[in-house]
Each structure stands twice: as structure tokens, then as C-alpha cells.
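Data block below; observations after.
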Amino acid sequence: VQLQASGGGSVQAGGSLRLSCAASGNIFNIIDMAWYRQPPGKQREFVAVINDEGGINYAASVKGRFTISRDNAKDTAYLQMNSLEPEDTAVYYCFARLVLLGAGIQSGDYWGQGTLVTVSS
């Protein structure tokens, strides 16, 4: 299984970016797709998650500014980030909890490579 994250870049405060995370491999079902981020010098932190029934949860720091969505046909999740602030500067990682083909009900956790988001003031 591979998770390919893309869409990072540099923007000024108030700007927008859209991140994508495409999963590939012998996937039967993706239960959760999520985004985490790691600001410079800090630990990785939760940003947003969407489950296979469309249930969504956000970190308080991004609620109202970020929108997570997913396209189940493409096994892809998106993170639309609006009103970006310098505090949003971080490496953003995608995460998926999924079930592989032939694995029954056993799920596994997978991480993508990070994509850097830099917001300047």
C-alpha cells in the first residue's frame, strides 16, 4: 500500500492550498483517511479525519478554515486549507486505516510521505 501526498507549497497568510492523498495497492476498504501535521520543532499533531461513512472530525485549531473530503472511487482524500496562518506551517502527513484484499476484517495503519506547507506573514 502506498499513500501519495501532494499539494504542499508556500503561500502568504490568508491564502489557500489544497492537499491530496491518493492510496494505492490491494485495498479492500479504507476506513479512515486523515491528515496530521508536524510544525518545526514540534510533535506530530492531528488535523482532520473522515471515515468511510462521511463522519468528520477536526482539530480545534483548524475548524472553520480547513475542509477534509474524500473520493471513495479514487481512494483519495483532500484537505482544502483556507485562511492559512503562519502557525499552519508544517509538514503535513496523510494517514489511512484500511483493510487489504483477503485480510478479512483485519485493518492496518499506513502513513504517506510528508508534504511541506509554508505560510509566511
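If you read the sequence from its start, that first residue is 1, and numbering goes on from there.
The nearest pair of heavy atoms linking Ile30 to Leu98 is CA-CB, 3.8 Å. Residues Ala23 and Leu3 share a closest heavy-atom pair of CB-CD2, 3.4 Å. Scanning both residues, Ser107 and Ile31, for their nearest heavy atoms gives CB-CD1, 3.9 Å.
We find the CD1-CE distance between Ile56 and Met33 to be 13.0 Å, quoted to the nearest 0.5 Å. The distance from the OH atom of Tyr93 to the CH2 atom of Trp35 is 12.0 Å, given to the nearest 0.5 Å.
Contact check for Ile68 versus Tyr78: no side-chain heavy atoms found under the 4.5 Å cut-off. Two residues are said to be in side-chain contact when any heavy atoms from C-beta on lie closer than 4.5 Å; Leu19 and Met81 meet this criterion. Using a 4.5 Å cut-off on side-chain heavy atoms (C-beta onward), Val1 and Asn26 make no contact.
Judged purely by atom type and a 3.5 angstrom limit, Ser61 has no side-chain atom pairing as donor or acceptor with the backbone of Ala59.
A side-chain hydrogen bond (donor to acceptor under 3.5 Å, both in side chains) check over residues 5-16, counting only residues at least two apart or in different chains, returns the pairs Ser16-Asn82. Within the structure, the disulfide (SG to SG under 2.5 Å) test picks out the following pairs touching residues 10-104 (sequence neighbours left out): Cys21-Cys94. Under the disulfide (SG to SG under 2.5 Å) criterion, no residue pair touches residues 59-93, with sequence neighbours excluded. The disulfide (SG to SG under 2.5 Å) analysis of residues 53-83, with sequence neighbours excluded, yields no pairs. The stretch residues 53-83 participates, sequence neighbours left out, in no disulfide (SG to SG under 2.5 Å) pair at all. Among residues at least two apart or in separate chains, side-chain hydrogen bond (donor to acceptor under 3.5 Å, both in side chains) pairs with a member in residues 49-60 are Asn29-Asp52.
Looking at residues two or more places apart in sequence or on another chain, you find a salt bridge (charged side-chain N to carboxylate O under 4.0 Å, His left out) between Glu85 and Arg65. Remark: Phe28 pairs with no residue by the ring-ring contact (aromatic ring centres under 6.0 Å, His included) rule, at least two apart or across chains. Asp109 meets the salt bridge (charged side-chain N to carboxylate O under 4.0 Å, His left out) test with Arg97; sequence neighbours excluded. In this structure Asn72 satisfies the side chain to side chain donor-acceptor pair (under 3.5 Å) test together with Arg70, sequence neighbours excluded.
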List the atom pairs, with distances to 0.1 Å, where a side-chain N or O of residues 38-50 and a protein N or O form a donor-acceptor pair under 3.5 Å, not counting sequence neighbours.
from  : atom 1 : to    : atom 2 : distance (Å)
Gln38 : NE2    : Lys42 : O      : 3.1
Glu45 : OE2    : Arg37 : NE     : 2.7
Glu45 : OE2    : Arg37 : NH2    : 3.3

Do any side-chain atoms of residues 114-121 form donor-acceptor pairs under 3.5 angstrom with protein atoms, and if so which ones, sequence neighbours left out?
from   : atom 1 : to    : atom 2 : distance (Å)
Thr115 : OG1    : Gly8  : N      : 3.1
Ser120 : OG     : Val11 : O      : 3.4

### Query
Given Tyr36 and Trp111, is the ring pair (Phe, Tyr, Trp, His ring centres under 6.0 Å) satisfied, shown in steps?
CA-CA 10 Å; Tyr36 287 73; Trp111 290 91; 5.0 Å; yes
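Both Phe66 and Leu17 are part of a single hydrophobic cluster, where members link through side-chain heavy atoms under 4.5 Å apart. Note on Ile27 and Leu101: separate hydrophobic clusters, where clusters join Ile, Leu, Val, Met, Phe, Trp and Tyr whose side-chain heavy atoms are under 4.5 Å apart, directly or indirectly.
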